[in-house]
Number of protein chains: 2
Amino acid sequence: MDKPKGVAFLLSQLGAYGAQRFAERLRPLDIEPRHVGLLRMISVSEGASQQELGERMGVVPSRMVSFVDDLEDRGLVERGRNPKDRRAYALHLTEKGTKMLRQAMLVSVEHNEEICAPLSQDERDVLAQLLDRLAGAHNLIPGVHPGYRHLR
Amino acid sequence: MDKPKGVAFLLSQLGAYGAQRFAERLRPLDIEPRHVGLLRMISVSEGASQQELGERMGVVPSRMVSFVDDLEDRGLVERGRNPKDRRAYALHLTEKGTKMLRQAMLVSVEHNEEICAPLSQDERDVLAQLLDRLAGAHNLIPGVHPGYRHLR
DNA sequence: GAGAAATCATTCAGCTCCTGAATGGTTTCG
DNA sequence: CGAAACCATTCAGGAGCTGAATGATTTCTC
């Protein structure tokens, strides 16, 4: 009765489940998964404009506005002015934002541990390597995906 | 510079990407990924009620209504009356629905092939086995996940 | 250098999706 | 029989996404 499920199907299932669990784990920090990537992106690209970041993450400008609004409302990022170009902002993390990112990274590690728990260390390595190959071959960049309705 | 990405992160990325690609492949059939699971569920549970199916797939009754509406509008399923219980429907596929499911399964196989293309057959087997272990250990049932906003 | 074109951020209307609380008809329980 | 449980449905409310405008600024072009 149990047909062997395809890899693509399993990836969708596990990806969706993992994202959901990660969101739950982040709840005490009052942020969501999508915010973590943005925080991280800002931290490695201090002073970038919204559009620069949006491009790298595959997020259209109008969406970026509300993402950054979210983080600014929480006091995690600041929209600084760029003296070279007064149209664009120069985004950077506040102190609170830096701490928050650090917290979120810890949560992320815990979460990863939970997901991998059923596997031995060797198996995790094998899995990580295979997934990395797939991600590379399909040109996946670490970004914020547009919301999408999910799974069969 | 390239930190090794966690398994959980890769799963989310690949799951999201795969779901998106699958949706694109289904577009010519005028259905979406979520419909495929429902068609499949109905086909293996002929005459089940909406609530039965919803329970197995983790979908609340009010959502089920519109899912079934979608399929009924496309002429793929019929809401038959259950003579034993006139509150509940007895859902079953129309002939068109059966054909559609068959088509969708073909698309699904193609899609899986595309996702796995970068890997050798042996590697696919290893990957499938590891993912299956994870899915089992985390109690994932093949269902329609509630929509969720995705990825950092 | 002045006017035209491109660029950055923003707003907004319109759409889809999801949830939870009612509602009506039907069955089952006591 | 009357009360409670149950199936499907509707509906209002909220969240998220998109694409087309808009205003401010910069860059291009002659």
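Sequence lines set the chain letters: A, B, ... in the order given, protein chains first and strands last, and positions in each chain run from 1.
Take the nearest nucleotide of DNA chain D for A:Arg63 and for B:Arg81: the residue whose nucleotide is more 5' is B:Arg81. Mapping A:Val60 and A:Arg86 onto DNA chain D via the closest heavy atom, the residue that lands nearer the 5' end is A:Val60.
Residue A:Lys84 contributes atom NZ, which lies 14 Å from atom C1' of D:dT26 at whole-angstrom precision. The interatomic distance linking B:Asp70 (CG) with D:dT9 (P) rounds to 13 Å, in whole Å. For the pair B:Glu72 CD and D:dA8 C1', the computed distance is 12 Å after rounding to whole Å. As a whole-Å value, the separation of B:Asp73 CG from C:dT16 C1' is 15 Å. Going from atom CG of B:Asn82 over to atom P of C:dT28 covers 10 Å, rounded to whole Å. Between A:Leu53 atom CG and C:dT10 atom P there is a gap of 13 Å when expressed in whole angstrom units. When the P atom of C:dA9 is taken as reference, atom CD of A:Glu78 falls 16 Å away, rounded to whole Å. Atom CE in A:Met64 sits about 12 Å away from atom C1' in C:dC8, given to the nearest Å.
Every residue was checked against the salt bridge (Lys or Arg N to Asp or Glu O under 4.0 Å) condition with A:Arg86, not counting sequence neighbours, and none meets it. Under the salt bridge (Lys or Arg N to Asp or Glu O under 4.0 Å) criterion, B:Arg79 pairs with B:Asp69, B:Glu72, sequence neighbours left out. Every residue meeting the side-chain hydrogen bond (donor to acceptor under 3.5 Å, both in side chains) condition with A:Asp85, not counting sequence neighbours, appears here in chain and number order: A:Arg87. With sequence neighbours excluded, no residue forms a salt bridge (Lys or Arg N to Asp or Glu O under 4.0 Å) with B:Arg102.
Base engagement by A:Ser62 is indicated by at least one non-hydrogen atom pair under 4.0 Å involving a base atom.
Applying the side chain to side chain donor-acceptor pair (under 3.5 Å) test to every pair with at least one member in residues 114-130 of chain A, sequence neighbours left out, gives these pairs: A:Arg21-A:Glu114, A:Arg25-A:Glu114, A:Glu113-A:Arg124, A:Ser120-A:Glu123, A:Gln121-A:Asp125, A:Glu123-B:Arg133.
Of the listed residues (B:His35, B:Lys96, B:Glu95), just one forms a side-chain contact (heavy atoms from CB on, under 4.5 Å) with B:Leu76, and that residue is B:Lys96.
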N/O to N/O distances under 3.5 Å, protein versus nucleotides 3-7 of chain D:
| residue | atom | partner | partner atom | Å |
| --- | --- | --- | --- | --- |
| D:dC6 | O4' | B:Arg87 | NH1 | 3.4 |
| D:dC6 | O2 | B:Arg87 | NH1 | 2.6 |
| D:dC7 | OP2 | B:Gln51 | OE1 | 2.2 |
| D:dC7 | O5' | B:Gln51 | OE1 | 3.0 |

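Checked by atom type and distance alone, the side chain of B:Asn82 never pairs as donor or acceptor with a backbone atom of B:Gly47 at under 3.5 Å.
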